[in-house]
Each structure stands twice: as structure tokens, then as C-alpha cells.
Asker: 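Here it is, the structure, as C-alpha cells.
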Amino acid sequence: MDMDRIYQGEDALWYFDVRGNHSKGPFESHHAADEALRAHIRSCRHQIDMSRLLPKALTTVSFRRHRSESHQS
């Protein structure tokens, strides 16, 4: 894993950087931060893979339908 993304804060807890100049944490250990970073990357990759499988029009229609149904409640 990219160790430059994981760092120890002034509070002695561990954090990692993500896109958009944001950080995630705190974590009790470097290992916990590393595991969370790996899970974050897997989640991002899964979202990318899913977006390639679904046509953009289908996801837009689903979003509109979901939004419409949630406003009716």
C-alpha cells in the first residue's frame, strides 16, 4: 500500500489521505489505518467497475425514480 498516504497526527492517532485533499481517521494504529485505506480503495474500485457495467442513462433513470419515490413518502 502507498505508505505516503498514512501518517500519524499530532494526537498520536493515525490517518490517511484521500482524493480531494481530505483525510480519514483517526485510527488507533498504523495497521488499522492501512486496513481502512485498503477497504476505501476496494470500495472506489468497485464503484468504478459498476459504473462501467451500467449505462449512464440507466443509472440516471434509476436515480430519478428513487428520488421521485422518496419525495412521495
Side-chain angles (χ1 to χ4, degrees):
M1 199 52 46
D2 185 0
M3 294 303 174
D4 293 340
R5 294 174 72 173
I6 300 173
Y7 61 94
Q8 193 170 26
E10 292 181 12
D11 56 3
L13 296 173
W14 294 88
Y15 300 83
F16 64 87
D17 290 330
V18 295
R19 286 188 177 167
N21 204 25
H22 298 285
S23 61
K24 300 278 186 170
F27 300 94
E28 292 293 323
S29 67
H30 185 278
H31 177 74
D34 184 58
E35 289 296 312
L37 175 56
R38 289 173 189 268
H40 175 78
I41 291 170
R42 278 193 306 273
S43 174
C44 291
R45 287 181 179 158
H46 178 73
Q47 289 175 8
I48 290 169
D49 291 344
M50 292 305 294
S51 70
R52 290 180 183 154
L53 294 175
L54 297 174
K56 190 168 189 102
L58 178 61
T59 57
T60 303
V61 168
S62 297
F63 174 76
R64 286 183 185 152
R65 184 180 317 132
H66 172 74
R67 190 167 171 211
S68 171
E69 291 170 357
S70 66
H71 288 319
Q72 293 174 359
S73 313

Asker: Which heavy-atom pair separates Arg5 from Val18 by the least distance, and what is that distance?
Answerer: NH2-CA, 3.7 Å
Asker: Count the heavy atoms belonging to other residues, nucleotides or ligands that lie under 6.0 Å from CD of Glu28, then report whether that count exceeds 12.
Answerer: no
Asker: Measure the spacing between CZ of Arg42 and CG of Leu37 and express it to the nearest 0.5 Å.
Answerer: 10.0 Å
Asker: Considering residues, nucleotides and ligands other than His31, do more than 12 of their heavy atoms fall under 6.0 Å from its NE2?
Answerer: no
Asker: Do you know which two heavy atoms are closest between Ser29 and Trp14, and how far apart they sit?
Answerer: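 Result for this residue pair: C-CD1, 3.3 Å.
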Asker: Taking all heavy atoms of Phe16 and all of Ala33, pick out the closest pair and write down the distance.
Answerer: CD2-O, 3.6 Å
Asker: How far does OH of Tyr15 sit from CD1 of Ile6, to the nearest 0.5 angstrom?
Answerer: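 These two atoms lie 14.0 Å from each other.
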Asker: How long is the span from the NE2 atom in His40 to the CZ atom in Arg45, to the nearest 0.5 Å?
Answerer: 11.0 Å
Asker: Walk me through whether Tyr7 and Asp17 qualify under side-chain contact (heavy atoms from CB on, under 4.5 Å).
Answerer: CA-CA 8 Å; Tyr7 61 94; Asp17 290 330; 3.3 Å; yes
